[in-house]
*Asks:* 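This is the structure I want to talk about, given as structure tokens.
Please read all numbers here as calculations on a predicted model, not as lab measurements.
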Amino acid sequence: MTDLDHRAVRVRFAPSPTGALHIGGLRTALFNWLFARRHGGSVVLRIDDTDRERSSETYLRQILDGFRWLGVTFDEGIEEGGPYGPYRQSERMPIYRQALQRLLDDGKAYPCYCTPEELDASRKAQLEAGKTPRYAGTCRRLTPEERAAREAEGRQPVYRLKVDLDRPIVVRDVIRGDVSFEPEQIDDFVIMKSDGTPTYHFASCVDDAEMRITHIIRAEEHLSNTPRHVVLFQALGAPVPTFAHVPMILAPDRTKLSKRHGATSVDEFRALGFLPEAIVNYSLLLGYAPDENAELFTLDDLVPTFELERIAKHPAIYDVNKLRWMNGHYLRTLSLRRVYTYAEPFLKAAGYLSQNPGDDEIALAMARIDAVRERVATLIELTDGVSYFYRSIEAYDETGVHKHFKNPKEVAERLRYAAERLETVEPWDLEQTEQAYRGLIDELGISGGALIHPTRLALSGRTVGPGLFHIMVLLGKAETIRRLRKAVQWLEARA
RNA sequence: GGCCCCAUCGUCUAGCGGCCUAGGACGCCGCCCUCUCACGGCGGAAACAGGGGUUCGAGUCCCCUUGGGGUCACCA
């Protein structure tokens, strides 16, 4: 183990492409990345796709694409290559077979012909008796004749690791300290399935050994499996890596994250209009506290001081509310250019932007985004927030009508004056429009709100939004006046 | 059920024996700013799961209880 300390740090993130990359997986990947960067080591992205049934190329693409979007990079992996490839377990079958053969030759593994039914029955019985189910070891004691007989029957065996322990297995975990497991907890477990593919435990350990992984940073759900892995590394004659089991992220109902909990995957958050900066920052904040009170940070900020020891031991429940707040924070503090880039696909999808917007179109969009971004939390809301700049108003907000279009006749008259007054405004900017309005308000001897609120409703259809004169400028003179007149008509029809 | 991990405001957390009448953030409530909504600023309510020890002294160490989570597959 001490020889590990002298080797360059090598960590891996090994997702199984059987589902989307969720926020917990992302955080684990980020911890790996941070640890590698902190110690000048390498991160490898390995794909655990030994389950051919459930693995899909679609999920794999999604995961890869998600990391790209988030700006998370790997040093070795299925796309970047590297000296320890292939990095896809489905392409490493010969390696597992060789590893098994070595174990067989050393007498450390043996074929097992028990049927699933037999095993199941035995397991159930033990479970009911309140014991940890263990494989009885029947096939371990098979004579060559018995073995040959079963082969002759055409039975395809699984292969089990021969586990003989005379003392507890101690897992050295950086986050939790030493965790000890009694020998009777670990039986002769299966390492190769009857179809010739390795089990997760086997593939994972063989690869970690072959790829010279020094630290295994993964989710806590694997802690209970770890003594098996320790035994496997030893059987393979490989150094045992240092472990760090990071706590899980739970849904608000305190159970494991799943589809029924709404958005939990990176893709979903992305579609909902969350920014990479916020997703990365927030997921890290769940269980990691860099400094006393630091909450807003980037991945790079964390590198110089990152320590696995600072990761929380207890599971965290994620809170969309705080993510929303954080997203809003990035929406209003990131450069306008960047926010525009993130918003662009949303605006295009809504039909507000053309497929290849010109400079003027982009400049106007940016100005509109800038006016709205400090009052929204997501890109979806941002898109909604600028909607009335791009399409005419289909309806006036109901409570707004109640409040500001209360006396149709009176309001119509005021808005007509306003339209007339605005005709004369030149240049059409913040100062001139406001001056014109203030003047009119004075002349009419009314409160500012009495003219401003109905105008906002007339121009945007809403009661909330950017400052009124900002709206006017961003809408343009002609459109502002057109909407005012339209409101006048609407009001007169109701007077 | 066996085994393993965990336990500070509703949520994320700071705290590694005295600096804690427990700090910060989100959310919530008030006030200020103000043409609305936000943003921002100021203030407030809100937690050491319970019980035993150890110690001059325990949120911090130990034990038990309770609670939560994980794991016990030819799934990863």
*Asks:* How close or far is atom C1' of B:C74 from atom CG of A:L161, stated in whole angstroms?
*Replies:* 15 Å
*Asks:* Give the nucleotide from the list B:C5, B:C35, B:C6 with an atom nearest to the side chain of A:V179.
*Replies:* B:C5
*Asks:* Within the structure shown, what part of the strands sits under 4.0 Å from A:N225 by heavy-atom distance: base, sugar-phosphate, or nothing?
*Replies:* base
*Asks:* Taking only the side-chain heavy atoms of A:N293 (C-beta and beyond), determine which of B:C39, B:G24, B:A76 contains the nearest atom.
*Replies:* B:G24
*Asks:* Got a donor-acceptor pair under 3.5 Å from the side chain of A:R375 to the base of B:C39?
*Replies:* no
*Asks:* A:D195 has an atom CG; how far is it from atom C1' of B:A76, in whole Å?
*Replies:* 14 Å
*Asks:* For B:C19 and B:A38, measure between their C1' atoms and round to the nearest Å.
*Replies:* 40 Å
*Asks:* Map A:L285 and A:S194 onto RNA chain B by nearest heavy atom, then report which one ends up closer to the 5' terminus.
*Replies:* A:L285
*Asks:* Which nucleotide sits closest to the side chain of A:K256: B:U71, B:U13, B:A76?
*Replies:* B:U71
*Asks:* Check every strand shown and say whether A:S224 touches a base, only sugar-phosphate, or nothing at a heavy-atom separation below 4.0 Å.
*Replies:* base
*Asks:* Counting only Watson-Crick pairs (N1-N3 plus N6-O4 or O6-N4) and G-U wobbles (N1-O2, O6-N3), all under 3.5 Å, who is the partner of B:C3?
*Replies:* B:G70
*Asks:* Using a strict threshold of under 4.0 Å (side-chain N to carboxylate O), is an ion pair present between A:E295 and A:K322?
*Replies:* yes
*Asks:* If you only use heavy atoms from C-beta on, which nucleotide in B:C4, B:C6, B:C35 is closest to the side chain of A:P315?
*Replies:* B:C6
*Asks:* Pick the closest RNA chain B nucleotide for A:P466 and for A:G287 by heavy atoms, then say which residue is nearer the 5' end.
*Replies:* A:G287
*Asks:* Reckon A:V190 touches a base, only the sugar-phosphate, or nothing at all at heavy-atom distances under 4.0 Å?
*Replies:* sugar-phosphate
*Asks:* Between B:G69, B:C6, B:C74, which one does the side chain of A:K313 approach most closely?
*Replies:* B:C6
*Asks:* Within the 4.0 Å heavy-atom criterion, would you say A:G448 contacts the bases, only the backbone, or no part of the nucleic acid?
*Replies:* nothing
*Asks:* Can you check whether any acceptor in the base of B:G24 is under 3.5 Å from a donor in the side chain of A:E295, or vice versa?
*Replies:* yes
*Asks:* Between B:C5, B:A76, B:C37, which one does the side chain of A:V464 approach most closely?
*Replies:* B:C37
*Asks:* Which whole number of Å gives the distance between the C1' atom of B:U8 and that of B:U34?
*Replies:* 39 Å
*Asks:* Return the value, rounded to whole Å, for the distance between atom CD of A:Q89 and atom C1' of B:C75.
*Replies:* 13 Å
*Asks:* Report the distance from atom CD of A:E220 to atom P of B:C3, rounded to the nearest whole Å.
*Replies:* 17 Å
*Asks:* What integer distance in Å separates A:R373:CZ from B:A38:C1'?
*Replies:* 14 Å
*Asks:* Of the candidate nucleotides B:G69, B:C74, B:A38, which contains the atom at the shortest distance from the side chain of A:R123?
*Replies:* B:C74
*Asks:* Rounding to an integer number of angstrom, what distance separates B:U65 and B:C29 when you compare their C1' atoms?
*Replies:* 37 Å
*Asks:* Can you tell me how far C1' of B:C6 sits from CG of A:D173, to the nearest Å?
*Replies:* 13 Å
*Asks:* Is the shortest side-chain N to carboxylate O distance from A:D384 to A:R462 below 4.0 Å?
*Replies:* yes
*Asks:* B:A49 pairs with which nucleotide, Watson-Crick or G-U wobble, both distances below 3.5 Å?
*Replies:* B:U65
*Asks:* Pick the C1' atom in B:G59 and in B:A14, then give their distance to the nearest Å.
*Replies:* 12 Å
*Asks:* Taking CG from A:L323 and C1' from B:A25, how many angstroms apart are they, rounded to a whole number?
*Replies:* 14 Å
*Asks:* Heavy atoms only, 4.0 Å cut-off, all strands: where does A:Y282 land among base, sugar-phosphate and nothing?
*Replies:* nothing
*Asks:* Under 4.0 Å: is that the gap between some side-chain N or O of A:R462 and OP1 or OP2 of B:U36?
*Replies:* no
*Asks:* How about NE2 on A:H329, more than 12 heavy atoms from neighbouring residues, nucleotides or ligands closer than 6.0 Å, or not?
*Replies:* yes
*Asks:* According to a strict under-4.0 Å criterion, is A:T50 in side-chain N/O contact with OP1 or OP2 of B:A76?
*Replies:* yes
*Asks:* With rounding to the closest Å, how many angstrom separate the P atoms on B:G67 and B:G50?
*Replies:* 15 Å
*Asks:* Once you apply the 3.5 Å cut-off to both distances, tell me the Watson-Crick or G-U wobble partner of B:C26, or none.
*Replies:* B:G10
*Asks:* Report which part of the nucleic acid A:S55 touches: base, sugar-phosphate, or nothing (heavy-atom distance under 4.0 Å, all strands).
*Replies:* nothing
*Asks:* Under 4.0 angstrom, heavy atoms only, what part of the nucleic acid is A:G467 near: base, sugar-phosphate, or nothing?
*Replies:* base
*Asks:* When the distance from OH of A:Y318 to C1' of B:G69 is rounded to whole Å, what number comes out?
*Replies:* 17 Å
*Asks:* Distance check: side-chain N/O of A:R228 vs OP1/OP2 of B:C72, anything under 4.0 Å?
*Replies:* no
*Asks:* We want to know whether A:Q126 and A:S122 form a side-chain donor-acceptor pair, criterion being a heavy-atom distance below 3.5 angstrom.
*Replies:* yes
*Asks:* I'd like to know if A:R176 reaches the base of B:C5 with its side chain such that a donor and an acceptor end up less than 3.5 angstrom apart.
*Replies:* no
*Asks:* Looking at A:D187 and A:R160, does any basic side-chain N land under 4.0 Å from a carboxylate oxygen?
*Replies:* no
*Asks:* Given B:U13, B:A73, B:C74, which nucleotide is nearest the side-chain atoms of A:P116?
*Replies:* B:C74
*Asks:* Between A:N225 and A:Y200, do the side chains contain an N or O donor and an N or O acceptor separated by less than 3.5 Å?
*Replies:* no
*Asks:* Please determine, for the side chain of A:H201, which listed nucleotide (B:A38, B:A76, B:C4) has the closest atom?
*Replies:* B:A76
*Asks:* Does any nucleotide pair with B:U36 by Watson-Crick or G-U wobble geometry, both distances under 3.5 Å, and what is it?
*Replies:* none
*Asks:* Scan A:V376, A:L382, A:L379, A:L331 and name whichever one has a side chain to side chain contact (heavy atoms under 4.5 Å, CB included) with A:I369.
*Replies:* A:L382
*Asks:* What is the pairing partner of B:U54, taking Watson-Crick or G-U wobble pairs with both distances under 3.5 Å in any strand?
*Replies:* none
*Asks:* Check the phosphate of B:U13 against A:K322, side-chain N and O only, distance under 4.0 Å to OP1 or OP2. Yes or no?
*Replies:* no
*Asks:* NA contact type, A:T18, heavy-atom cut-off 4.0 Å: base, sugar-phosphate, or nothing?
*Replies:* nothing
*Asks:* Check the side chains of A:T50 and A:D48 for a donor-acceptor pair under 3.5 angstrom, ignoring hydrogens and angles.
*Replies:* no
*Asks:* Using Watson-Crick or G-U wobble geometry with both distances below 3.5 Å, tell me the partner of B:U21, or none.
*Replies:* none
*Asks:* Between B:G15 and B:C56, how far apart are the two P atoms, rounded to whole Å?
*Replies:* 27 Å
*Asks:* Check whether any side-chain N or O of A:R324 sits under 4.0 Å from OP1 or OP2 of B:G27, and answer yes or no.
*Replies:* no
*Asks:* Return no unless some side-chain N or O of A:R254 is found under 4.0 Å from OP1 or OP2 of B:U11.
*Replies:* yes
*Asks:* From the options A:M192, A:R228, A:H229, A:K193, select the one residue that forms a side chain to side chain contact (heavy atoms under 4.5 Å, CB included) with A:F202.
*Replies:* A:M192
*Asks:* Between B:A76, B:G70, B:G2, which nucleotide has the shortest distance from any of its atoms to the side chain of A:Q185?
*Replies:* B:G2
*Asks:* Quote, to the nearest angstrom, the C1' distance that separates B:U21 from B:A47.
*Replies:* 15 Å
*Asks:* Would you mind classifying the nucleic acid contact of A:L468 as base, sugar-phosphate or nothing, using non-hydrogen atoms under 4.0 angstrom?
*Replies:* base
*Asks:* Taking the same atom, C1', in B:G24 and in B:G70, what whole-Å distance lies between them?
*Replies:* 30 Å
*Asks:* Assess, by modelled atom type and distance only, whether the side chains of A:D267 and A:S265 contain a donor and an acceptor separated by less than 3.5 Å.
*Replies:* no
